[in-house]
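Working notes, beginning with the structure itself.
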Amino acid sequence: MSPTQWDLPVELCCRPMAFVTLTGLDVVYNAVHRAVWDAFCANRRADRVPISFKVLPGDHEYPKCRPKRTSYEWYIPKGILKTGWMNKHLNLVPALVVVFYELDWDEPQWKEKQSECATRVEIVRQSLQGRNTKVAVVLIQKKTPLPPGEDVIASERAAALCNACELSGKSLFVLPHTDHLVGYIIRLENAFYEHAQTYYYTEIRRVKSHKEFLNKTTHQLLFVRHQFKIAFFSELKQDTQNALKNYRTAYNLVHELRAHETNILEIKTMAGFINYKICRLCFQHNTPLDAIAQFRKHIDLCKKKIGSAELSFEHAAWMSKQFQAFGDLFDEAIKLGLTAIQTQNPGFYYQQAAYYAQERKQLAKSLCNHEASIMYPNPDPLETQTGVLDFYGQRSWRQGILSFDLSDPEKEKVGVLAIQLKERNVAHSEIIITLLSNAVAQFKKYKCPRMKSHLMVQMGEEYYYAKDYTKALKLLDYVMCDYRSEGWWTLLTSILTTALKCSYLMAQLKDYITYSLELLGRASTLKDDQKSRIEKNLINVLMNESPDPEPDCDIFAVKTAQKLWADRISLAGSNIFTIGVQDFVPFVQCKAKFHAPSFHVDVPVEFDIYLKADCPHPIRFSKLCVSFNNQEYNQFCVIEEASKANEVLENPTQGKMCLVPGKTRKLLFKFVAKTEDVGKKIEITSVDLALGNETGRCVVLNWQGGGGDAASSQEALQAARSFKRRPKLPDNEVHWDSIIIQASTMIISRVPNISVHLRHEPPALTNEMYCLVVTVQSHEKTQIRDVKLTAGLKPGQDANLTQKTHVTLHGTELCDESYPALLTDIPVGDLHPGEQLEKMLYVRCGTVGSRMFLVYVSYLINITAEEKEIVCKCHKDETVTIETVFPFDVAVKFVSTKFEHLERVYADIPFLLMTDLLSASPWALTVVSSELQLAPSMTTVDQLESQVDNVVLQTGESASECFCLRCPSLGNVEGGVATGHYIISWKRTSAMENIPVIRTVITLPHVIVENIPLHVNADLPSFGRVRESLPVKYHLQNKTDFVQDVEISVEPSDAFMFSGLKQIRLPAQAFYSYQYFCQATGSTHG
Amino acid sequence: MAVCIAVIAKENYPLYIRSTPTENELKFHYMVHTSLDVVDEKISAMGKALVDQRELYLGLLYPTEDYKVYGYVTNSKVKFVMVVDSSNTALRDNEIRSMFRKLHNSYTDVMCNPFYNPGDRIHPGGPYFLCPYPVQVGPTSCVRSSPGGPYSCVRSSPAGPLITW
């Protein structure tokens, strides 16, 4: 966009820098000069002093200085600030003119050169006559200078040169053209900068000196002007604190000016300029709150200064610009590191700028609605001789006139007319949209999604006004869902209304239909008459006719649109539009509900489709089809009514294809599920409702799943929360809210009509062939086929059980590891009605514990459902938990031949092994036989035949055996000596003959064998007679290899009399036994 | 006097919204809606710290050229938004607070009404909102005056038992 009169001038917005001109440099042909110039302009980063350089010829004519005013007495200013002033001091009048001259100290023709240099300086001085601009001379030298004071010629000649040029020593510089050019240049420009600051300082002093001549009555404008100039010079001097102070004073002064309709624009323009400067400096000083406060004050002061009512749009334009400029400043400050917050960011200023731009548009629309016959005035009152205004903010046709009375009303009228006609050509919408999009970008950054949506709506509406319907629709469509998802129906309706207009004006069929559908729906807050109109239009469109124009549309746009609609009709072709409803709220609601969460395969699957229309008039649909995850069912769930296009509105309340507003329509569907789908889920994937028909236009509303649109979930939630009693309705009607979508159902197998019984005698005993009798009886009315039995350990239990459980049908042989835990699909043939069959199963459980056993019977049966013959597979299962217990406990102990308990046995000494078998089974057990298998280390003393053959043990009874054994000496064996195995063959007493006997092997415990050095064996008679001698014989046996000394002492009890040696001592030789006799006679008491 | 008051559900849809210059209702709707940005931000910023202090008043949400928008949030995250004319200097923070408290009391009354279903839109003309005096109403049921229209509360049987609250 080219700059408009409202844009702030560039010279105001830039950062003022000291202006220094360089003369005597030939940057085109002289490489040295070029290098010098490049060093000045290249890499001007923030660390270099703020100077703007310009190369000018030595004889450049600077702007003439006006003669000094000696008195202000008769001077009446014509305006506040001249339009050229800022530019003049930024780019035309230098603070310092530098004369570059190539001259070495040892120059042979020194005199000539010196005078040439002096002439050059003189020429520059001439053209700067009257100005305070400083002049400096830089000598470009080929040689590196000597350190100061060493070169006598140099100091002499320097003094001479200064004298000739009338320069102070501080203004003469030497620039050796050597390697360190940039370093010299930086030192030079720092020196220039000091000179420039002195210049601006004197300028400030000069302006200040005028003040005392001014008086408050005639020179009010000058107060502002001077204050502004001081501030501006301070900025050039880089004294921003003072600049800010002076701008603030200037700002207060500008509001003290007497305002009138004729000068209000000038005052506002200057106030705007100064305000801009203040805000800019505040941001620069990192005091953003000061900037905001100043801006608020500025707006509050100027808001009401509208000026001429005929040109009030100018005020709006100016206001808009103020906000925009502040927004820009704010944004710039943020880019430089300022942090903004959600509630205080540039977005608000751009937004407000956009509002004023909208206001400007409104005002312009009402003020500039001149008839076409009114011509732009000639000569153009807005033209000036120079092409620009003399003073900021003045009217071109009365520049410099300060009188508040209009001297020439006619001229004024023509001027106003010219401005109004010009305003008419302004692309307002473009301005508004730019501002809004600036604001959108900001609000996006500061987490304001709703604000962003709102601004986008406004952008969309502005595009609509600007007749860019495509863009309008794009924006509106984008934000619609935000309002829809949050349930702000009023706002959604307003957006939809605009969107509908756009789609009408572009004759966008699908969009037009979509928006109509939603505007007729329950989310729309339109009045019924509007809904009526939209419904009528929608029906027209469906019948391949043009709709009526939307209200409040531009007449010309409507004409174009009507033509477009007419073209659409002749282009009748593929006119089926499928619209997915899940993202919006259409006027037809749909809910699908299966009657049950599951259906048996032999009964038809039933479900209802509920439809409800929210539009004002009844509407007829042409087709309804339901789609399933198994597409084969789709064909059974279609309702179609062959109707002519014009019947959409005829006989409206009849037939099931017609929806009466507010009434819930229930449509029942039925189909027989496929037997392959048993165990699967049948799901409604979509419901399609067609309005209109193929001959005209057809809209297919597509609900995903079992219905529901963008608003349904919230409504369902509300309905679920509600505990309101709903008024009673006639039997065949239902409350819409009470219908809960059920979009899927399970197909389950037919209920079996057989009985399965299990007969057995728990608990099972470890390792026995446990008998399970399965009885299957058919109660079906027809023959059942292919009866199969699956029986065994129920899968899914502990994996170890599978290893230790074996199932077989044959009980006559013991099953081993190779038998499975579960027998599957054992065919058992067919069964006639009432017939029953029995099957025996044998289970062998290797470990104790409880197990679950499954008996599963499946069969086929032919069934007729809905006049269709289907083969149903039915099954019935029985589960039983069986405990397995040990049949008996076996206890083993070692005792001496005198039945004394032995911890250990002695080598070569006989001992007894006693077994004790205790029945733990609740059922009687028959011990068929037992067997002792001795380990090689053990020998038997006598025979080992079983003593418990064919013993029947009831619960708790036990059977014991005793074996006499001897263990030869083996030396010391760690952990004892193995004894052998005890094997018991047994079965249930109740088990049939052919059931095999179970052998249970018990490993006998190890026994510790100990060698003893001396074995004493007493040989006592079993009884003695009173007063008769009782011979007592002791055998002593030395078990060692050595001769041992043995001392024997006998201590008889008091009941006996004793004869023989009481005490002897003898050597006992190895492996010999001795017999020792003694006799005792005694009596026992009582 | 506020120019617009609004009660916003926890899920951020309007339960009740009313503005006094009815001709530019839409503008206020947008204003209230956009202010939810700030409300959301303030609620998430205050987190648990302020919940304990029971400070429900959120203060000035954002100023526009012509209006000031204030916010208030109940413990159940129902929001109240009030728009006040910028030029109305009589309304200071304290006045705004007390207005919100009154509004909260009225809202509590509505919630106490056994015939009001929490989450339903509150109809401006309904008998149970912002009543300055006790009202006698028969058993009510909420019906929609038009399909898709707002709910309104009607008295289903004038002869029914009277309930006072």
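Numbers restart at 1 for each chain; the letters A, B, ... are given by sequence-line order, proteins then strands. These figures come from a predicted structure and were not determined experimentally.
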Are the side chains of A/Tyr355 and B/Thr64 in touch, meaning some heavy atoms are under 4.5 Å apart?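 With C-beta onward as the side chain, the pair stays apart.
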
Answer yes or no: is there a side-chain heavy-atom contact under 4.5 Å between A/Met451 and B/Tyr62?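 Side chain of A/Met451 against side chain of B/Tyr62, heavy atoms only: contact under 4.5 Å found.
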
Would you say [X] has more than 12 foreign heavy atoms packed within less than 6.0 Å of its [atom1]?
{"X": "A/Lys445", "atom1": "NZ", "answer": "yes"}
{"X": "A/Lys447", "atom1": "NZ", "answer": "no"}
{"X": "A/Lys303", "atom1": "NZ", "answer": "yes"}

Could you measure the distance from the CG atom of A/Leu491 to the CD atom of B/Glu25? Nearest 0.5 Å is fine.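 Reported to 0.5 Å precision, the distance equals 10.0 Å.
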
Roughly how far, to the nearest 0.5 Å, is NE2 of A/His454 from NZ of B/Lys27?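 If we round to the nearest 0.5 Å, B/Lys27:NZ and A/His454:NE2 are 10.0 Å apart.
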
Quick check: closest heavy atoms across B/Pro14 and A/Gly487, and the distance to 0.1 Å?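 For B/Pro14 and A/Gly487, the tightest heavy-atom pair comes out as CD-O, 3.5 Å.
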
Of the non-hydrogen atoms in A/Thr490 and B/Leu26, which two are nearest, and what is the gap between them?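 Taking every non-hydrogen atom into account, O-CD1, 4.1 Å.
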
Which answer fits B/Leu60, side chain, backbone, both or neither, if we ask what part of it has an atom under 4.5 Å from a heavy atom of chain A?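 Neither; nothing under 4.5 Å.
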
So for B/Ile8, is it side chain, backbone, both, or neither that comes closer than 4.5 Å to the heavy atoms of chain A?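 Side chain of B/Ile8 only, per the 4.5 Å heavy-atom cut-off to chain A.
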
For the pair B/Asn12 (side chain) and A/Glu486 (backbone), establish whether a donor and an acceptor sit closer than 3.5 Å, ignoring hydrogens and angles.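 No; judged by distance alone, with no hydrogens or angles, the pair does not exist.
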
Under 4.5 Å heavy-atom distance to chain B, tell me which part of [X] shows up: side chain, backbone, both or neither.
{"X": "A/Val585", "result": "neither"}
{"X": "A/Gln351", "result": "neither"}
{"X": "A/Gln342", "result": "side chain"}
{"X": "A/Phe587", "result": "neither"}

Checking side chain to side chain contact (heavy atoms under 4.5 Å, CB included) for the pair B/Tyr13/A/Gln714: CA distance, chi angles, key distance, verdict? CA-CA 10 Å; B/Tyr13 63 87; A/Gln714 175 65 25; 3.3 Å; yes

What's the verdict on side chain to side chain contact (heavy atoms under 4.5 Å, CB included) for B/His33 and A/Tyr483, showing C-alpha distance, side-chain angles and the deciding distance? CA-CA 9 Å; B/His33 183 243; A/Tyr483 292 94; 3.3 Å; yes

A/Arg450 pairs by side chain to side chain contact (heavy atoms under 4.5 Å, CB included) with which of B/Val32, B/Val38, B/Asp37?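 So the option named by the test is B/Asp37.
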
